[in-house]
Amino acid sequence: MAATVNLSSTPSNPISKLPSFSLNSPQKTSFSLFPNSSSFPCKPFSHSLKSQFITTSCKNPISDLFPPNKSGPEGDIVSSFSDDDDKPREECGVVGIFGDPEASRLCYLALHALQHRGQEGAGIVAVNNNVLQTVTGVGLVSEVFNETKLDQLPGEMAIGHVRYSTAGSSMLKNVQPFVAGYRFGSVGVAHNGNLVNYRALRAMLEDNGSIFNTSSDTEVVLHLIAISKARPFLLRIVDACEKLEGAYSMVFVTGDKLVAVRDPYGFRPLVMGRRSNGAVVFASETCALDLIEATDEREVYPGEVLVVDKKDGVQSLCLMPHPEPKQCIFEHIYFALPNSLVFGRSVYESRRVFGEILATEAPVDCDVVIAVPDSGVVAALGYAAKAGVPFQQGLIRSHYVGRTFIEPSQKIRDFGVKLKLSPVRAVLEGKRVVVVDDSIVRGTTSSKIVRLIKEAGAKEIHMRIASPPIIGSCYYGVDTPSAEELISNRMSVEEIRKFIGCDSLAFLPFDSLKKMLSTDSPKFCYACFSGKYPVMPREVKVKGVGDSMDDGLNTPLASIDGHWIKGPPNFDLEKEIDPLYQESKI
């Protein structure tokens, strides 16, 4: 009997009975790899599907087995930025492990390595004797899991998830991985990304009787798998994914299989590695592979489905013929750790070169270069080396600030920023200072940082930003404010300089960024800089209402929909979503 055991307060659906399957001892898996290229070939093929599963290579897409479903308006994204945390947020990280007797413990360690991708919730689903067992919780990985909970997750296969989300008392219900039972067994899923046709899919499913436990777009995927008529299970996943629009890098687990899927554009990263005992590992970043001593083998290619089981090892299929990849450039600017390889490139090297470009194209006489830690450090090192000016630690970041704190009754100006960042007067006093940061979103934090440095005695402050101006919201799995809240969408560079109070301000030139990426440039998504969206959203994100919003469980769906304005029938969002569209065409 396939079953699901829930070891936390996360609900699971009723279990369906199936003939028993066995999980044998680990054995070395074999890979069917794509040709060594950054975007693999997908050529349609035709054949009739037999009752036995047909092993294919990536050259054999299976999209012609199911008609695509290309419809639906924009999905729900809720913005909940605080003035003292003015950065885009990566919404999650995923891990999948197959063939290791300590799968859940390795998953736990890998989630630690991905903690920067989400700090509000974490979960692991492990498979033991065909039973899916779940532990989820709110908080950091170290707060959710302990020795006792990991002992409750035996088995050689596991998936895990770390999540960033909005505030809300019912957030636990939205913590992944999700597990559900349907008539052919149980399935767990962890998802990184955002589905732009979520609302249309959810409405369709609810019209046909589906009941939702969460407000997460990921739950739609489970419902689509459950109602699919395709056989076997792999083709149910394919059938479901071909109805999705937007960004998704997902790992699935059943009683005997681990499946990894990446959307045709490859918006969000997903890599595959292997441990010395033959265990297969999937993760959002290579830093997770490093921690658990897995060798990085390659990316999961855009539009690819990888299936791992004991009978056939690793099988590779093409989900659908895909367009040119559009990988998220912000992984290299801000999200990923510097020690990761993302989209086949070193994040550290990318940021170092960003700093060098700034020093070359926006030089200024200065005495010292400092960074806004931690994401601005590598770019600042690049700037300092190119400019021939010493890099020093002028701002010290506190890594012990919790999610809540008590402010004294006598208000302290810029209290939130001062809790996190402390200026070093010995470095700054009387100096002409270049401050390197990765991005400016709303400008509120930057203005407070400038004030802190001025109060420490800096003679001049020159801000250098290691990204182009952000003029558009992200709809592909990054939590960004609405376009009206983005300062670069409302002000010129000079106006922003006056707003934040520095002596000079320069951004990484967009053309220089693309030139630096060379032949890989067309493979990246620049929607936040250009306003041109590879998958066009059909509704406009508007300013969020902040912490009054929960995760949609104690309020009607209309409350979530309040973050969107539906356009008129002839509404051209590409031209309306930001006023700078005409000036920012690529």
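Here, residue 1 is the first one in the sequence, and each next residue gets the next number.
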Next item on the list: Indicate the atoms forming the closest heavy-atom contact of Leu291 with Ala113, along with that distance.
Entry: CD2-CB, 4.0 Å
Check: Between Lys257 and Asp312, does at least one N-O distance fall below 4.0 Å, as a salt bridge requires?
Finding: no
Note to self: Are the side chains of Leu224 and Leu201 in contact, using a 4.5 Å heavy-atom criterion?
What the structure shows: yes
Checklist line | N/O donor-acceptor pair under 3.5 Å between Arg351 side chain and Tyr334 backbone | finding: yes
Check: Do any N or O atoms from the side chain of Ser186 and from the backbone of Tyr182 form a donor-acceptor pair under 3.5 angstrom?
Finding: no
Check: Looking at Tyr475 versus Tyr533, is the centre-to-centre ring distance below 6.0 Å?
Finding: yes
Notebook entry, point to check: Does the side chain of Ser215 come under 3.5 Å of the side chain of Asn174 through a donor N or O and an acceptor N or O?
Noted result: yes
Next item on the list: Would you mind reporting whether Leu132 and Val253 have side-chain heavy atoms less than 4.5 Å apart?
Entry: yes
Next item on the list: Kindly say whether Asn192 contributes a backbone atom to a donor-acceptor pair with the side chain of Ser249 at under 3.5 angstrom?
Entry: no
Margin query: Distance alone, cut at 3.5 Å: any donor-acceptor contact between the side chains of Gln176 and Thr218?
Written below: yes
Margin query: Would you say that Cys525 contacts Pro534 through its side chain, given a criterion of any heavy-atom pair below 4.5 Å between the two side chains?
Written below: yes
Next item on the list: Taking the side chain as every heavy atom from C-beta outward, state whether Val162 and Gln119 have any atom pair closer than 4.5 Å.
Entry: no
Check: Counting N and O atoms only, with roles assigned by atom type, does the side chain of Glu331 sit under 3.5 Å from a partner on the main chain of Cys328, one being a donor and the other an acceptor?
Finding: no
Next item on the list: Using the six-membered ring of Phe212, assess whether NZ or CZ of Arg202 lies under 6.0 Å from its centre and within 45 degrees of the ring axis.
Entry: yes
Next item on the list: Could you check if a side-chain atom of Val221 sits within less than 4.5 angstrom of a side-chain atom of Ile225, using non-hydrogen atoms only?
Entry: yes
Note to self: Tell me whether Ser350 contacts the main-chain N or O of His332 through its side chain, where contact means a donor paired with an acceptor under 3.5 Å.
What the structure shows: no
Next item on the list: Check Val94 against Leu270 and note the closest heavy-atom contact, atom names and distance.
Entry: CG2-CD1, 3.8 Å
Margin query: Using modelled atom types and a 3.5 Å cut-off, is there a donor and acceptor pairing between side-chain atoms of His161 and backbone atoms of His191?
Written below: yes
Checklist line | Under 3.5 Å: donor-acceptor pair, side chain of Arg262, backbone of Glu304 | finding: no
Item checked: Non-hydrogen side-chain atoms of Ser142 and Gln115 separated by less than 4.5 Å -> no
Checklist line | Donor-acceptor contact below 3.5 Å, side chain Asn339 vs main chain Cys287 | finding: no
Next item on the list: Please report the closest heavy-atom contact between Gly160 and Cys107, naming both atoms and the distance.
Entry: N-SG, 3.4 Å
Note to self: Checking side-chain polar atoms at under 3.5 Å, does Asn277 have a donor or acceptor matched by the opposite partner on Asp100?
What the structure shows: yes
Next item on the list: Decide yes or no on side-chain contact (heavy atoms from CB on, under 4.5 Å) for Phe335 and Arg268, but give the supporting numbers first.
Entry: CA-CA 11 Å; Phe335 298 135; Arg268 311 251 61 84; 4.2 Å; yes
Next item on the list: Say whether, by atom type as modelled, one donor and one acceptor occur between the side chain of Arg236 and the main chain of Ser228 under 3.5 angstrom.
Entry: yes
Checklist line | Beyond-backbone contact of Leu341 with Asp296, side-chain heavy atoms, under 4.5 angstrom | finding: yes
Item checked: Shortest non-hydrogen contact from Ser375 toward Asp438 -> OG-OD1, 2.5 Å
Margin query: Students often mix this up, so state it plainly: with edges at 30° and 60°, are the rings of Phe267 and Tyr476 parallel, tilted or perpendicular?
Written below: parallel
Next item on the list: Determine, for Arg105 against Glu147, whether the closest basic-nitrogen to carboxylate-oxygen distance falls under 4.0 angstrom.
Entry: yes
Check: Within the side chain of Lys149, is there an N or O that forms a donor-acceptor pair under 3.5 Å with the backbone of Val144?
Finding: yes
Item checked: Which atom of Asn213 lies closest to which atom of Glu219, heavy atoms considered -> N-OE2, 2.9 Å
